[in-house]
Amino acid sequence: MADLERAGTEKPRANSSYNPNQYYVGTQEHQWTSWLIPMFVVANIIVFIVAMFVNNCPRNNTGSDGKCVAKFLGRLSFQPLRENPLFGPSSSTLEKLGALKWSKVVHGHQGWRLVTCMWLHAGVIHLLANMLSLIFIGIRLEQQFGFVRVGIIYLLSGLGGSILSALFIQSNISVGASGALFGLLGAMLSELLTNWSIYTNKAAALLTLIVIIAINLAVGILPHVDNFAHIGGFLAGFLLGFILLLRPQFGWMESRNLPADTRVKSKHKPYQYILLLVASALLIAGLTTGLVLLFKGENLNKHCSWCHYLSCVPTSRWKCGN
């Protein structure tokens with residue numbers, strides 16, 4: 001597609017078999033029932049169907065880029081593959097329904113696009129990749145920490161990804177849930193670090209998660225993949241993990257059942273509280289500064305001549321200009 005989208009190859013590969021429970025020395029913590037993440041998955045699918053209905057390729061396609069794909073689907077058929085190889089709607093339809101576009105946010109005062117773009121996807125491939133990732137990552141986290149904390153991480157990480165994306169990418173549109181998904185990955189990393197003392201095989205757990213994150217961020221240097229949304233979402237989620245995903249230190253829950261005159265250890269260690277305070281300050285400062293710079297119309301590429309390489313590295317096989 002001519003416009004930049006958070007393409008299907010960008011998804012966190014959550015099915016890379018990382019399972020924090022295999023390293024966790026458990027206590028008698030409550031196991032939650034996951035319902036929010038499945039609801040998010042259903043909502044994304046519904047939004048995509050609505051987008052295809054509004055797109056109505058048979059009626060709106062001019063034929064300059066080829067014929068509609070899967071015409072038996074009627075108005076739900078896909079745009080020509082030359083225009084959208086991910087089997088989805090046109091860029092104009094995505095923009096109409098709330099895709100992230102810098103000019104619309106800054107000059108059109110449409111800040112709501114920072115949130116609505118999270119629920120739009122460029123095509124079936126993009127949607128499938130992100131939803132599979134969301135299921136593998138999100139359901140496990142929700143079972144461990146509950147829907148409130150995971151929901152906050154998902155939404156604020158998506159917002160953080162949108163803000164950083166808009167500060168660097170100002171000539172194309174961007175859609176997708178990948179900023180939120182990378183936020184969940186970032187939260188998994190900070191959860192491991194802040195709850196370090198209650199894990200066994202710490203080095204193996206940390207190395208496994210870092211490799212997964214590094215591979216997925218590396219995918220973001222391909223063309224038409226919005227790696228700034230990945231980075232912004234990851235950073236927001238990483239900070240939120242220190243704030244929201246604290247576990248009681250090992251033995252605290254059992255110590256509550258000791259006799260009344262027995263000294264009960266504190267629920268959390270001092271370093272956990274320090275990390276919580278520092279992360280809270282950085283998160284508030286980061287989101288506030290990002291929003292201020294965005295609505296002032298700043299282009300961070302002018303202040304960082306090499307930052308564009310974080311989202312696309314040109315090679316002999318592709319260019320990054322579009």
Side-chain angles (χ1 to χ4, degrees), residues 1-16 34-57 60-61 68-101 113-139 142 150-151 154-155 157-159 161-162 165 172-185 216 219-220 222-227 229-230 233:
M1 286 179 86
D3 290 306
L4 179 71
E5 289 145 358
R6 302 173 195 168
T9 54
E10 57 164 348
K11 68 182 188 309
R13 298 178 184 177
N15 53 347
S16 301
S34 176
W35 62 268
L36 183 66
I37 294 301
M39 189 174 73
F40 281 171
V41 172
V42 172
N44 277 278
I45 294 173
I46 292 175
V47 169
F48 181 74
I49 294 174
V50 170
M52 294 307 305
F53 186 83
V54 172
N55 186 66
N56 195 1
C57 181
N60 298 321
N61 181 44
C68 298
V69 178
K71 295 186 70 174
F72 63 89
L73 294 175
R75 67 183 297 159
L76 298 181
S77 57
F78 311 119
Q79 289 296 116
L81 294 182
R82 183 179 299 178
E83 179 183 352
N84 186 344
L86 299 177
F87 298 97
S90 66
S91 298
S92 59
T93 297
L94 292 171
E95 183 177 336
K96 182 190 303 182
L97 294 178
L100 180 61
K101 189 170 186 179
R113 290 179 179 270
L114 295 169
V115 176
T116 55
C117 66
M118 297 165 47
W119 306 95
L120 291 166
H121 287 84
V124 172
I125 298 174
H126 188 197
L127 177 69
L128 182 62
N130 278 348
M131 292 307 99
L132 287 176
S133 298
L134 179 57
I135 290 171
F136 281 110
I137 299 174
I139 288 181
E142 187 178 355
V150 171
Y154 183 89
L155 295 174
S157 296
L159 176 62
S162 296
S165 174
N172 301 300
I173 68 170
S174 184
V175 294
S178 296
L181 292 173
F182 270 82
L184 295 180
L185 277 179
N216 285 284
V219 171
L222 296 172
H224 301 288
V225 179
D226 185 357
N227 214 24
H230 298 174

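Note that the numbering runs from 1 along the sequence shown for the chain. Please read these numbers as outputs of a predicted model, since none were measured by experiment.
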Side-chain heavy atoms of I45 within contact of I49, under 4.5 Å
yes
Of all heavy-atom pairs between C117 and S174, which one has the smallest distance, and what is that distance?
CB-O, 3.6 Å
Quick one: pull up CG in N60 and OG in S92 and give me the separation to the nearest 0.5 Å.
7.5 Å
Those residues that, when tested against F78, pass ring pair (Phe, Tyr, Trp, His ring centres under 6.0 Å) (two or more places apart)
F87
Taking C-beta and beyond as the side chain, do P89 and N84 meet within less than 4.5 Å on heavy atoms?
yes
What's the spacing between C68 SG and E83 CD if we round to 0.5 Å?
9.0 Å
With heavy-atom distances below 4.5 Å as the criterion, would you say the side chains of V150 and L36 are in contact?
no
H121 and N44 have their tightest heavy-atom pair at CE1-OD1, 3.1 Å
How far does CG of N172 sit from CG of L100, to the nearest 0.5 angstrom?
11.0 Å
Check whether E95 reaches the backbone of K101 with its side chain - one donor and one acceptor, N or O, closer than 3.5 Å.
no
Could you list the residues that satisfy side-chain contact (heavy atoms from CB on, under 4.5 Å) with I46, not counting sequence neighbours?
V42, V50
For L76, what residues pass the side-chain contact (heavy atoms from CB on, under 4.5 Å) criterion, not counting sequence neighbours?
M52, F53, L73
For residues 47-57, which residue pairs pass the side chain to side chain donor-acceptor pair (under 3.5 Å) check, not counting sequence neighbours?
N55-Q79, N55-S90, N55-T93
On a heavy-atom basis, the closest approach of R113 and A99 is NH1-O, 2.8 Å
Any side-chain heavy atom of L181 sitting closer than 4.5 Å to one from L134?
yes
Can you give me the closest heavy-atom contact between Y154 and A177, atom names plus distance?
OH-CB, 3.5 Å
Ignoring hydrogens and geometry, is there a side-chain-to-backbone donor-acceptor pair from S165 to A229 under 3.5 Å?
no
For P80 and V69, which heavy atoms make the closest approach, and how far apart are they?
CA-CG2, 4.2 Å
For L120 and V175, work out which heavy atoms get closest and say how close.
O-CB, 3.6 Å
Is the shortest side-chain heavy-atom distance between D226 and S178 below 4.5 Å?
no
Below 30° counts as parallel, above 60° as perpendicular, anything between as tilted: where do the rings of W119 and F40 land?
perpendicular
